[in-house]
Amino acid sequence: MGKARGSALAAASAIFWQAAPYTLILLSLCRVVSGTLPVIVAWLTKELLDQLASDVTAGGVLPVASGLAGTTLVGTVLPRAAHYLRAESDRAVSLLSQDRLFAAVDRFAGLARFEDPAFLDRLRMAQQSGGQAPAQIVHGALDLLATILMTAGFLGSLMVVGPFMAVVVLLAAVPVLCAELSLSRRQVAMLWRLSPAQRREWFYASLLSTVPAAKELRLFGTGPFLRRRMLAERASINRESARADRHELTVHGGLALFAAALAGGGLLWAALAAQSGRIGLGDVSMFVAAVAGIQGAIGSATSTMASAHQQLLMFDHFLTVTRAGPDLPSPPSPRPVPALRSGIELRDVWFRYSDQHPWALRGVSLLIAHGEATALVGRNGCGKSTLVKLLCRFYDPIRGQILWDGVDLRELSLPELRRRTGAVFQDFMQYDLTAAENIGLGDLTVIEHPSRIERAARLAGVHDPINALPRGYDTLLSRMFVSEPDEEDVEAGVPLSGGQWQRVALARALLRNRPDLVILDEPTSGLDPVAEHEVHASLRTHRSGLTSLLISHRLGATRDADRIVVMSEGRIVEHGTYNELMALRGTYAGLFRLQASQYRDTLQNGQYQEELQAGQCQDEPALLAETGERAP
Ligand SMILES: Nc1ncnc2c1ncn2[C@@H]1O[C@H](COP(=O)(O)OP(=O)(O)OP(=O)(O)O)[C@@H](O)[C@H]1O
């Protein structure tokens, strides 16, 4: 434990040194001076009093008096300078440590760490320390250095002046130090114990105050329930901290009485000894300064150490995250990724998310041939998105291989592989940025090229809605970050509808200049039928000649694929063209007929005709195009 703390202190000091080397030197000097200054002041005071008592001339006291004035001046200026240096170093250190933390997070090439609750918890705690931990730890160590210097200086001085007084001061200091250390350990243990309750409290608080949960909270009326849970967590935290405060009050009260009794007794002795001429007036002042200095320093150092100790625990999370090795193995010299020529082959791929999870893929073998459109269908949870995650190499297969033109993905350069892949995921992102930036994030090299962004938007069928926004492509697609002067302006930030957001995500994926592999995981599930029809037509143009993988529960969208692959419980159970699968009359044909029958029933019972006449329904060919059925 001690060794681990030592290594954490060394790591914190290294970050501090890299962030603010000169400030660290100046701060260390400040702490050395602030540790020794009270001892020097006490010596000069003693000297002055002794000289005054021994009737020296006015000129004789001048050097000592000037020295005392000088040190007092330094003592006044020093805390302010140290305060400034501390703030300056805090800024530099937090910038560097935040950068280190998020650079480390960005280095995780896969998803496994982000889906590991224990690791996520560590990451959250490393974030919560806000990059302050390394600076706080070093400040704690410097405070301790100043306390040690001051205590050693006063004890050494008292040993010279009168060993008996040194014993008295030591006797007063040791129990205070022990008690304060034990209190600080208790406090850290308590904070550690309380952290799960605190995190639960934050979780409930965020549910109560964020947009995604707001709808359900209002609809189901769960606000009071969640508020009660949040307050219950707060109440349990309050109970525990009140108990700790009562304990601290008792200990501190006892210690104060003990220290006061010892110091008072010692002072009484010193006064009597001075009166009887056994010690000088200066010795009494030295004694008084030593008692006050040591007790004050120990008091403040222990509270600094308690917070440094707490920061050490936080810093441990920071170190675990920043020192974590790569989550996906990478060869020493990864192979370049050439343009896809023959295809991507999955060879007997088995995968599960952890040893505790069941297999999500069970021996999948599949060729996604170059230039072909492959559609992947199957019921919820059959493993479609998992297969996509493996194709993007967010995870590696547990058994089996995925080959890019015959080369295992694990041997290839991952950044290059990702550059050659374009994807729209089911859980696509909605960035609180402008429309242009939301699309431009798909390829940072063209984020400043409006024509490329517009082309992608047209392809995804979202150009017209964006163009109609108050500030066109420069409209902020959120009101979250609307600046204060614009707050009254309803046009400053405009949220999109769910389907429009989905098209923006599609445009982002299509921005890449002809990626080798395009993965579309339910790219149109939130679109209205007309929009879906348009987007599929547009995608067909974009896809032609490209290798693509389309996942969709709307089977009509898959019938044009060169090959349809049907999955069930982690296995491929059927594959072939639309005609082959329909002729097979297996799972695909069954699912297809089921979907089509729902439309056919509507058509047969006349409801459709009425809706069409009332203008509530799209025309029949468009409907049938969606299901894939031919018009009778
Ligand atoms: N991060 C994860 N950790 C553990 N299990 C997971 C994770 N993601 C998916 N699974 C499990 O893996 C299996 C396959 O899930 P997957 O998301 O691949 O299915 P899917 O076919 O895409 O389903 P859907 O059609 O509902 O999107 C499911 O049993 C699911 O519970």
Side-chain angles (χ1 to χ4, degrees), residues 105 108-124 324 327-328 344 346 348-366 368 373-400 402 409 421-429 498-499 501-502 505-506 509 517-527 532 548-559 561 563-575 581 586-588 590-592 594-595 598 626-628:
V105 171
F108 302 144
L111 292 185
R113 294 240 164 89
F114 296 97
E115 291 179 337
D116 171 6
F119 195 84
L120 271 187
D121 211 25
R122 273 189 183 280
L123 182 56
R124 225 169 285 133
D327 52 340
L328 291 173
I344 300 164
L346 285 92
D348 191 24
V349 169
W350 288 74
F351 180 77
R352 60 180 165 194
Y353 285 90
S354 76
D355 292 347
Q356 287 73 47
H357 284 103
W359 291 104
L361 297 179
R362 301 159 185 260
V364 172
S365 292
L366 167 69
I368 302 168
T374 304
L376 199 55
V377 301
R379 299 186 60 185
N380 293 131
C382 69
K384 303 179 296 293
S385 298
T386 304
L387 194 146
V388 164
K389 289 186 205 166
L390 264 65
L391 280 176
C392 297
R393 211 185 157 211
F394 291 136
Y395 295 92
D396 282 333
I398 308 278
R399 293 212 297 265
I402 303 181
L409 293 193
T421 310
V424 185
F425 299 107
Q426 246 173 42
D427 48 354
F428 59 87
M429 277 301 298
W501 266 120
Q502 196 160 20
L506 191 58
L517 173 67
V518 180
I519 297 170
L520 304 166
D521 190 350
E522 296 194 40
T524 55
S525 58
L527 301 190
E532 189 190 7
S548 67
L549 182 70
L550 168 72
I551 297 179
S552 182
H553 286 294
R554 299 196 187 179
L555 299 186
T558 62
R559 56 177 294 167
R563 211 147 78 98
I564 301 166
V565 177
V566 186
M567 290 187 72
S568 172
E569 297 182 356
R571 292 193 175 84
I572 291 179
V573 288
E574 284 172 18
H575 61 89
L581 291 182
T587 309
Y588 181 82
L591 288 172
F592 197 99
L594 186 69
Q595 266 186 15
Q598 290 161 359
E626 189 194 337
T627 64

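Counting starts at 1 for both ligands and their atoms, following the listed order.
Under the salt bridge (charged side-chain N to carboxylate O under 4.0 Å, His left out) criterion, D396 pairs with R393, sequence neighbours left out. Under the rule for a salt bridge (charged side-chain N to carboxylate O under 4.0 Å, His left out), R113 has no partner lying at least two apart in sequence or in another chain. Partners of T374 by side chain to side chain donor-acceptor pair (under 3.5 Å), not counting sequence neighbours: none found.
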One pair per line, please: each N/O atom of ligand 1 matched with every protein N/O atom under 3.5 Å away, atom names first, then the distance to 0.1 Å.
from, atom 1, to, atom 2, distance (Å)
ligand 1, 1 (N), E115, OE1, 3.0
ligand 1, 1 (N), E115, OE2, 3.4
ligand 1, 8 (N), Y353, OH, 3.4
ligand 1, 18 (O), S385, N, 3.4
ligand 1, 18 (O), T386, N, 2.9
ligand 1, 18 (O), T386, OG1, 2.5
ligand 1, 19 (O), G383, N, 3.4
ligand 1, 21 (O), C382, N, 3.2
ligand 1, 21 (O), G383, N, 3.0
ligand 1, 21 (O), K384, N, 3.0
ligand 1, 21 (O), K384, NZ, 2.9
ligand 1, 22 (O), S385, N, 2.9
ligand 1, 22 (O), S385, OG, 2.8
ligand 1, 23 (O), G381, N, 2.8
ligand 1, 25 (O), N380, ND2, 3.2
ligand 1, 25 (O), K384, NZ, 2.8
ligand 1, 25 (O), H553, NE2, 2.9
ligand 1, 26 (O), N380, ND2, 2.9
ligand 1, 27 (O), Q426, NE2, 2.8

Pair F425-V388, side-chain contact (heavy atoms from CB on, under 4.5 Å): steps then yes or no: CA-CA 9 Å; F425 299 107; V388 164; 3.9 Å; yes

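By the 4.5 Å heavy-atom criterion applied to side chains, L387 and M567 are counted as neighbours.
The local environment of CD in E569 is sparse, with at most 12 non-hydrogen atoms from other residues, nucleotides or ligands closer than 6.0 Å.
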